[in-house]
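Quick caveat: nothing in here was measured; it's all calculated off a predicted structure.
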Amino acid sequence: MSHDQASYLELLARGAATEAYERPVLLARASGAAPDELAAIEHAKQLALRVRAELEGRRRREAELSALFETAHDLAGLRDLDAVLRAIVQRARSLLGTEVAYLSLNDPSAGDTYMRVTEGSVSARFQQLRLGMGEGLGGLVAQTARPYVTDSYFDDARFEHTRAIDTAVSDEGLVAILGVPLMLGSQVIGVLFAADRRERVFEREQVALLASFAAHAAVAIDTANLLAETRSALAELERANEIIRDHSGVIERASEVHDRLTEVVLRGGGVHDVAAALSEVLDGSVEFTDDDLDATGADGRAIRQGDDWVAAVSAGGELLGALVLRGRRDLDPVDRRTLERAAMVTSLLLLARRSAHAAEQRVRGELLDDLLDAADRDPRLLRERAARLRADLDAPHVVLAARIDGPGTDAADRDAACRDSTGRDTATAERETADRQRLWSAASHLAATRSGLAAARDGGTVLLLPLGPDDSASDVARQTARSLGGTLRELVTVGASSPVAAPAGDPSPIAGAYAQARRCLDALRLLGRSGQGAAAQDLGFLGLLLADPGDIDGFVQRTMGEVVEYDRRRGTDLVRTLDAYFASGMSPARTKDDLHVHVNTVAQRLERIGRLLGPDWQSPARALEIQLALRLHAMSAAVAH
């Protein structure tokens, strides 16, 4: 090793600035070093800079982990409430990347809420602001005990604007504001905010993260109140020493528990590792569960259920699961608080896992969108992206289209919705949106376990799954319908395409396969086979048309076009009458019951249909063609809507 190369080790050892790494190269050039020697020194410089960057990255990651978990340590060794609250506000601002963060507390005697801690604020008027209950975004959060977010404060009419509040917000220059409640049990004691001086959309994970910090702040306030009560009792009563020892024991034990849980988290443990550590601390059996969550309560307090103790694991008002302690019929306040705080740590772990899972779901969806929409993508790049997701796009795959089919989603209901979409209420729209989100999430999880891809599309979900050596498209469709239906506890209908040989080499067939899968899905629903999975070859003659639709519109026009046109011009109901006639076994009596008309009316309509279609329209061959045309006509109308 040359002297110049060794000098880079000295620069690394003393943490020199980046500019200092250029000096050995310059000195070597000035001294007339040979090209080979200059190249070696330049190579050593690049290696040293890479080592320096790696060290800097590790220091930065250590700082981020320290910022996230120091809050728990601060609570365990709480002495100064203001210092802890300032630390929470500072860390909230840092982790959410906002320009301003602040915390307000409720004043029960005055009936309002006031600013307690601010970070990044420059306006004295804003720092001294008091809000009446229900006034402004913060007043609304304090009154409703729910998180609220606005990406443009002055354009948001959901909360009451007052002159004093708007003036203070304007002085501070705030635009986007997120507020979450500070809760002690079911009581709101204040609000934690994060804000920017520009328009910004806060993601759900950021709302949940700020809510977790708010939970820490509430614990800090609760713990400080306990200390205040203890000190007051010390001054008043002789038995204050016992109270102090009891509360000191609570704090010391809480500190030990937090250190133990923090060690588990920093070691990379999961929720079950937290449960195992808690089992040792509480001398019982602790497990995490996400079953029967309705019975746990979501206020963060440990409650008794039979012989067990249950603490809800929640974040941002969402119930994620529960920690269940078994084998301890009685639980003292110290152990109850330990169980409750372990539930908070578990919620942070679940949020981190959810964030990583959501990122992977988005990446899988983006790759599938590119396969569907951009057939000219570079195959090499497609393979690299798929390899990072553990997917082999050079193997045979099948494209699947999936939808949730609950009660009231048959063809007639969809047609009615198409005819009068303005009549659908907000609750229905929200439920359908939630169903689509649940389906996409379940399909993304299934795709990840099967080394496939999934994306939300056209009001449903599309999947691209590999075909095993003994699998058929029909098998995969049926398995997918059963799996998604079992996960969501809903009827999920799945249509499959014909196999696609190697999507990475030639993505162009993917779009056509998706169209084929959607046609198969629509056919299953029209045939009354909701909740099933099938490929086109499972549907007989109708399946052949779906696999290669050809001139479907022309077939319908040639077979019954005159009846359709007659209804369109005259406003009659011959198509519906024809469908009911075949559905009733070609019985005019049953047809009139289905249509709620007189039998003479049915006879007149059938006579008109005979004149339009010809005298042999009821022969077996013609009747089969007409019934098929009726089905295709109904399917075309549903797809159009």
Side-chain angles (χ1 to χ4, degrees), residues 405 408-421 423 493 495 515-516 518-530 532 534 536 538-641:
D405 279 330
T409 57
D410 57 17
D413 291 328
R414 289 193 303 275
D415 288 346
C418 292
R419 288 194 296 271
D420 188 13
S421 60
T493 309
Q516 183 187 126
R518 285 191 65 199
R519 291 193 298 270
C520 185
L521 169 65
D522 290 329
L524 284 171
R525 301 169 83 191
L526 286 167
L527 293 171
R529 294 175 58 180
S530 294
Q532 299 182 23
D538 300 322
L539 304 180
F541 181 54
L542 180 58
L544 294 176
L545 291 174
L546 293 170
D548 185 11
D551 189 21
I552 289 179
D553 290 339
F555 173 80
V556 173
Q557 176 63 30
R558 289 190 299 273
T559 305
M560 52 176 285
E562 292 185 274
V563 176
V564 174
E565 182 63 17
Y566 190 94
D567 276 353
R568 187 189 66 78
R569 289 197 318 267
R570 304 291 182 90
T572 53
D573 214 2
L574 297 184
V575 171
R576 184 163 169 250
T577 300
L578 194 57
D579 194 25
Y581 180 63
F582 284 120
S584 67
M586 303 174 73
S587 167
R590 288 196 292 271
T591 302
K592 64 96 174 174
D593 291 335
D594 291 341
L595 298 177
H596 304 291
V597 298
H598 195 274
V599 69
N600 291 340
T601 302
V602 174
Q604 291 170 3
R605 292 180 181 179
L606 293 177
E607 182 181 359
R608 173 61 63 184
I609 290 170
R611 288 200 295 269
L612 292 171
L613 297 181
D616 65 336
W617 71 277
Q618 297 190 66
S619 67
R622 285 292 309 280
L624 175 61
E625 290 183 354
I626 294 169
Q627 290 178 71
L628 177 59
L630 282 168
R631 289 289 182 132
L632 294 174
H633 177 65
M635 187 181 71
S636 299
V639 172
H641 288 308

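- In plain terms, the two heavy atoms of Cys520 and Ala534 that are nearest each other are SG-O, 3.4 Å.
- Residues satisfying the salt bridge (Lys or Arg N to Asp or Glu O under 4.0 Å) criterion with Arg576, sequence neighbours excluded, are Asp573.
- Counting heavy atoms from C-beta on, the side chains of Leu628 and Thr559 never come closer than 4.5 Å.
- Evaluation of the side chain to side chain contact (heavy atoms under 4.5 Å, CB included) rule for Val575 yields Met560, Val563, Val564, Asp567, Leu630, His633 as partners, not counting sequence neighbours.
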Which donor-acceptor pairs under 3.5 Å do side chains of residues 597-606 form with protein atoms, sequence neighbours excluded?
{"residue": "His598", "atom": "ND1", "partner": "Asn600", "partner atom": "N", "Å": "3.0"}
{"residue": "Arg605", "atom": "NH1", "partner": "Thr577", "partner atom": "OG1", "Å": "2.8"}

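- Within the structure, ring-ring contact (aromatic ring centres under 6.0 Å, His included) pairs that include any residue of residues 602-629 comprise Tyr581-Trp617 (at least two apart or interchain).
- Every residue was checked against the side-chain hydrogen bond (donor to acceptor under 3.5 Å, both in side chains) condition with Glu625, not counting sequence neighbours, and none meets it.
- Under the side chain to side chain contact (heavy atoms under 4.5 Å, CB included) criterion, Ala623 pairs with Phe582, Gln627, not counting sequence neighbours.
- Annotation: salt bridge (Lys or Arg N to Asp or Glu O under 4.0 Å) contacts of Arg611 (sequence neighbours excluded): Glu607.
- Not counting sequence neighbours, the partners of Arg568 by the side chain to side chain contact (heavy atoms under 4.5 Å, CB included) test are Glu565.
- Sorted by first and then second residue, the side chain to side chain donor-acceptor pair (under 3.5 Å) pairs involving residues 586-597 (not counting sequence neighbours) are Ser584-Thr591.
- Taken from CZ in Arg525 to CG in Asp405, the straight-line distance is 4.0 Å, to the nearest 0.5 Å.
- The two residues Ala629 and Val556 come nearest to each other via the heavy atoms O-CG2, 4.0 Å.
- Every salt bridge (Lys or Arg N to Asp or Glu O under 4.0 Å) that Asp616 has, sequence neighbours left out, goes to Arg622.
- A distance of 5.0 Å separates CD1 of Ile626 from CG of Leu613, quoted to the nearest 0.5 Å.
- Residues passing the side-chain hydrogen bond (donor to acceptor under 3.5 Å, both in side chains) test with Arg570, sequence neighbours excluded: Tyr566.
- The nearest pair of heavy atoms linking Thr493 to Ser530 is OG1-CA, 3.3 Å.
- Going from atom CZ of Arg569 over to atom CD of Glu562 covers 9.0 Å, rounded to the nearest 0.5 Å.
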